[in-house]
Every structure is written in structure tokens, then in C-alpha cells.
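Counting starts at 1 for both ligands and their atoms, following the listed order. Note that the structure is a prediction, hence the values are computed from the model and not measured. Just so it is clear, the values below take in all heavy atoms, side chains as well, and ignore hydrogens, waters and symmetry mates.
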Amino acid sequence: MKHYPMIINGHAIDSHDRLSIVNPATSEVFATCARASEHHVDTAVHAAKMAFTDWSIRPDQERKALIHELGALIEEHKDELIELVVCETGKPVVGLGGVGATMEVMGASIWSHVTADINLPDEVIQDDETAYVAVTRKPLGVVASVTPWNWPLLIAIWHLIAAIRAGNTVVIKPSELTPLTTARFVQLANSVLPPGVLNIVMGAGDIGQRLTSAPAVNKVVFTGSTATGKRIMAAASNSLKRLVLELGGNDAAIVLPGSNLDRIASDIFAAAFHNNGQTCACLKRLYVHESQYGALCERLVAVARGLKIGNGLNPDIELGPIQNEAQRTIVENLVAAATREGGQILCGGKRIEGPGYFYEPTLVAGLTNGCELVDQEQFGPVLPIISYPSIKEAIRLANDSPNGLGGSVWGDDLAQAEEVGRQLECGTVWINGHGGVQPDAPFGGVKESGFGVEFGRFGLEECTSIQTVKIHRQ
Ligand code: NDP
């Protein structure tokens, strides 16, 4: 069975303690990795702190070239990484709407290349005979990254590439459920980067907390649940660490009256169900005008019934298993609550018996805000479809949530859709699409979906502090 060590200060570090990693399509252990102690975490943070001195002043062009090399390394090892993503997440090689392991790995490469080419030049405020005043961007120091199990490689890349591009050093702690792709990437990256610039510790229980509260850590970037994000924010106050918190969402989509349903039904379905709904910016609540409610429900049920579900290593498979049993239980409980609250199960509604954590894609009608399945993030293959009487009411229902990551409006009149979209309380709004992110446009949430953004110039700026330089000339 393959075993993956930690990487600290450029060295492979093993431990007596191991984590067993389960393939969610078979429920069987297929690999192991080293499990960090608190000492390992402290050693990794120290290594990152030591490496910062040289890395932070390394010429920008050299850092840029090294990050391009990381993007190339991912592509060179793509077959191995894709298989590893499928085995640890259950996500199919291609997947529904092409949103699968191949996209995750190739996206990681693209994000690296695009981020490598983003520059943060000085901004000159004054340049005359009395003074020169400029604003420059400086790296923060050691960045701690804690990543989730749904997109382990891509989210790791989102966290760490921007950090090191800006001159910081990193200690990453992946989810204990899916640490392997990140561990392999960090191993590859250390063949290119100086020791200590990028370190990885794997563990469960209290390793994340040890890392994110370490006094030498200057910034924490976390993607995961709101509850854990709040704990990280409280702990970060001890040394006033910078934070970027991407805490998932409960994204609403509004279908405007008079929409061409044949054109949008399968895109809406894919936006809700790709990766089995286990994406922070999946479409999670669908609001449909009462005049088209029945017709759209019918079309979505037809898409659900035609899906190919199974082990994602088979390239024809569109949906794999849910990533872990605990998440499958959350989904099951929400569907049970929906039934109690008067929801009608249009299709699905139960686990698929046999090995693996499979669950039928499930559509639920007849609910509204105030029902558990509508109010809570399901993070699984189940979608509540809610009827609304007026656009004003649809906007009210969409905004009636503590979350605010993304949102979307679907309709034939783009100007009307944009006008409605701009009224949604969320970090990104999509028109006739949902969840599409890109490496040069900022992405982040409002309200309890977190704060701070990733990607592009805005994301890179989050990895820096401002230094004002004033040169007196008289
Ligand atoms: P969590 O959000 O609880 O995150 C777990 C990770 O956070 C682990 O790596 C854990 O490490 C670390 N952690 C836990 N407590 C702390 C702390 N106090 N300080 C620092 N790190 C900490 O994820 P779960 O896997 O439990 O998922 C729960 C829910 O989160 C899901 O049901 C889903 O709704 C949502 N989710 C959202 C995602 C998104 O993309 N936004 C992704 C995945 C899940 P350690 O065990 O070592 O402490």
C-alpha cells in the first residue's frame, strides 16, 4: 500500500502514527500517510519562518519562474494526480458537466501559471521636487493553509500559489480525509522550491488548531465550514493574524418568468449536482416562478434519471459517491427533515446500497425558506426547488440567509437578469451560469460565508501588507 510522508524543510518526514485513507467508492483503505504530532507542526512553522528571510527578498522574476515550473510539474504528473484525486475524493475523472478530477488537476496547473504572471507594481502617489511617495506591497511572513476534502488539490493551489508568489512561505494542513494529492504535489514542488518555502503536515483532531494558532504564523487561509472558520478567527486574535476565510455557502438561483427552460435546465442541474453538490459555490436553493415550476421540475427529474453513477475511475461516470459517510448522513437527515416538513421527493431520496458512500441524486419540491433543507447547506446530491410568486419575493427569499458566497439569475432578458442579480447579497453573481470561477477574477463571500478574496490581483494583494515609502527631496 502506498504511503505518503510529510514534507518539512525540504525533507520527507515520517511518523509512527499513520492516517488510513479510504476510497469513498469502495469504502476501503487504499493508502496511508504520516500523521503529524504537535512537534511536527512547530518544526514546520519554524522551517517556514527561517525560509522566509531569503524567499521574501528573492527577485520577483525568479519567484515567477519557479511558480511556472510548479504549473508545468502538475501537467507532467497529471495522470498520477488525476487518479489520486479520484481515489481519495470519489470524484469522477471527467464528471458531470466536465467538472471532475481532470478539471481539478489541469485547473491547478492553469491557476499556477496565471498567478505566476500577476504583478503587484508599486503605486506612485507623489513624484515631484519635494518628495517621492510610493505604496509598495510586502509579503506577510508565514501563511498557514487549512484545506477541505471536496477539491483538495485545486483549493491547496488557490491557497499556496498566491502566498508564495507574493513572497510568503507556507505550511499547509490538508483535510485528514483527502491529504494525498496535496502531499504528492508538495513533494514534487520541493524538487523545485528552496527548502522550507512549502511544508506540509497531515493530521486530525488538533493539528489544524495547533498550526493556525502558532505565534509565528502571520496569516491563515481556511476553506471549510463556518463553525470552524469562527473558531479560527477567535484564535487568530492572539497575534492579530491576517485571515482569509472561505466558508461555503447556500447559494440561491432565481429562474425568471418566461425563461427558455430547454436551454437552461441541464446547466442548472449540473450547477447543483457536479461533484455531487460538494462544492462551496454549487447551486443549493433553486427559486422558480410559479408559472414554470412544474415544467422545470419535470425537466430536472429527466436529467437526474439519465445519470451514470459509479466508481469515478470509469471515464463514463458522471457522479461518484459522497466523499465520506458523515456527509452522507447529513444529506440523509436533511432529506428526512424535508419529508417531515411536507416536501415531495421528485426523484432519489435514499442511499444506494453496496460498497461506497453512494446516494441517489435527489430533487425535492414543495418546500420554502424556514425548512431545514432550504436553510442549511446540504453539501450533497440533493436540491430543494422552491416556487415564488413575484421577482421581489424571489430576491427576498434568496437574500434570507446568513450565507452569501454566490448566487445566480437565469433568464432570456440579460438586462433584467443583471438588474436582479445585482440585488443579491453575495460575493459573486452569475447570469445564466453558476459557480464558474476563473484565476484572474476575485472570489470570496460576504456575511457568514467569510471574508477576504482569492484569485487575481485582488487575491494576491490579500497575501501582502502595504508599505508606504516616502523619500524627502528637499
Ligand atoms: P471543517 O470545516 O470542520 O474543517 C475540518 C478541517 O479544519 C480539518 O483539517 C481540521 O483539522 C481543521 N480544524 C478544525 N478545527 C480547527 C481549529 N479550531 N483551528 C484550525 N483548524 C481546525 O470540515 P468538515 O470536514 O468537518 O466539514 C463540515 C462541513 O463543512 C461540511 O458538512 C460542509 O457543509 C462544509 N464544508 C465546506 C467546504 C467548502 O468548500 N467551503 C468544504 C468542506 C466542507 P484538525 O482535525 O487537525 O483540527
Side-chain angles (χ1 to χ4, degrees), residues 6 17 19 24 33 35-38 40-41 44-45 88-91 104 144-156 158-159 171-179 182 200-214 217 219-238 241 243-251 274-282 284 322-334 357 372-373 375-382 402-406 427 435 437 443-445 448-452 454:
M6 294 172 273
D17 252 354
L19 291 173
C33 70
R35 180 175 186 156
S37 64
E38 291 188 346
H40 290 121
V41 175
V45 171
E88 67 178 353
T89 66
K91 178 182 295 162
E104 173 155 15
S145 149
V146 179
T147 52
W149 42 260
N150 54 344
W151 291 90
L153 180 64
L154 195 52
I155 294 177
W158 291 351
H159 287 192
V171 180
I172 188 166
K173 191 269 168 203
S175 165
E176 67 277 15
L177 299 169
T178 57
T182 313
I200 180 167
V201 290
M202 281 95 81
D206 48 11
I207 291 305
Q209 185 173 3
R210 180 81 178 188
L211 173 62
T212 57
S213 53
V217 165
K219 175 184 169 180
V220 178
V221 49
F222 171 72
T223 302
S225 67
T226 298
T228 300
K230 286 178 180 175
R231 283 199 294 276
I232 289 175
M233 187 169 172
S237 68
N238 69 0
K241 299 180 199 319
L243 291 172
V244 168
L245 300 175
E246 202 274 77
L247 305 178
N250 193 6
D251 286 13
H274 73 75
N275 197 28
N276 257 329
Q278 304 166 115
T279 299
C280 45
C282 263
K284 290 173 180 147
I322 292 177
Q323 200 283 325
N324 58 80
E325 182 61 38
Q327 193 61 40
R328 182 161 68 163
T329 303
I330 290 174
V331 168
E332 221 165 33
N333 289 341
L334 285 172
Y357 311 131
E372 276 185 50
L373 179 59
D375 288 358
Q376 290 177 30
E377 182 184 36
Q378 64 276 54
F379 222 70
V382 50
N403 294 106
L405 187 61
V437 292
F443 176 69
E448 292 200 11
S449 288
F451 53 78
E454 299 179 84

Heavy atoms only: which of P179, G224, A144, G205 is nearest to atom 46 (O) of ligand 1?
G205
Considering I232, T329, T228, which one's heavy-atom position lies nearest to atom 15 (N) of ligand 1?
T228
Is there a side-chain contact between [X] and [Y] (heavy atoms, below 4.5 Å)?
| X | Y | answer |
| --- | --- | --- |
| W151 | N275 | yes |
| K173 | V41 | no |
| F379 | V331 | no |
| T147 | H159 | yes |
| L211 | V45 | yes |
| F222 | L243 | no |
| D17 | S37 | no |
| R231 | Q209 | no |

Under 4.0 Å from a heavy atom of [X]: give me the atoms of ligand 1 that qualify, with their elements.
| X | answer |
| --- | --- |
| I207 | 47 (O) |
| G248 | 41 (N) |
| V146 | 7 (O), 9 (O), 12 (C) |
| P148 | 42 (C), 43 (C) |
| I330 | 32 (O) |
| E176 | 8 (C), 9 (O) |
| Q327 | 31 (C), 32 (O) |
| T212 | 19 (N), 20 (C) |

To which protein heavy atom is [atom] closest, and what is the distance rounded to 0.1 Å?
| atom | result |
| --- | --- |
| atom 39 (C) of ligand 1 | C280 CB, 3.8 Å |
| atom 38 (C) of ligand 1 | F379 CZ, 3.5 Å |
| atom 40 (O) of ligand 1 | N150 ND2, 3.2 Å |
| atom 47 (O) of ligand 1 | G208 N, 2.9 Å |

Heavy-atom contacts under 4.0 Å between [X] and ligand 1: side chain, backbone, both, or neither?
| X | answer |
| --- | --- |
| W149 | side chain |
| K173 | side chain |
| Q209 | both |
| S225 | both |

Looking only at heavy atoms, which two atoms of Q323 and P24 are closest? And how far apart?
O-CB, 3.3 Å
Do you know the tightest heavy-atom contact between A281 and L405?
N-CD2, 4.0 Å
Non-hydrogen protein atom less than 4.0 angstrom from atom 34 (O) of ligand 1:
yes
Do any non-hydrogen protein atoms sit less than 4.0 Å from atom 5 (C) of ligand 1?
no
Between E448 and K230 (salt bridge meaning N to carboxylate O under 4.0 Å), is one present in this structure?
yes
Any heavy atom of W151 closer to ligand 1 than 4.0 angstrom?
no
S175 to ligand 1: N or O pair under 3.5 Å?
no
So, S449 side chain and G248 main chain: donor-acceptor pair closer than 3.5 Å or not?
yes
Distance from T89 atom OG1 to L177 atom CG, nearest 0.5 Å?
11.0 Å
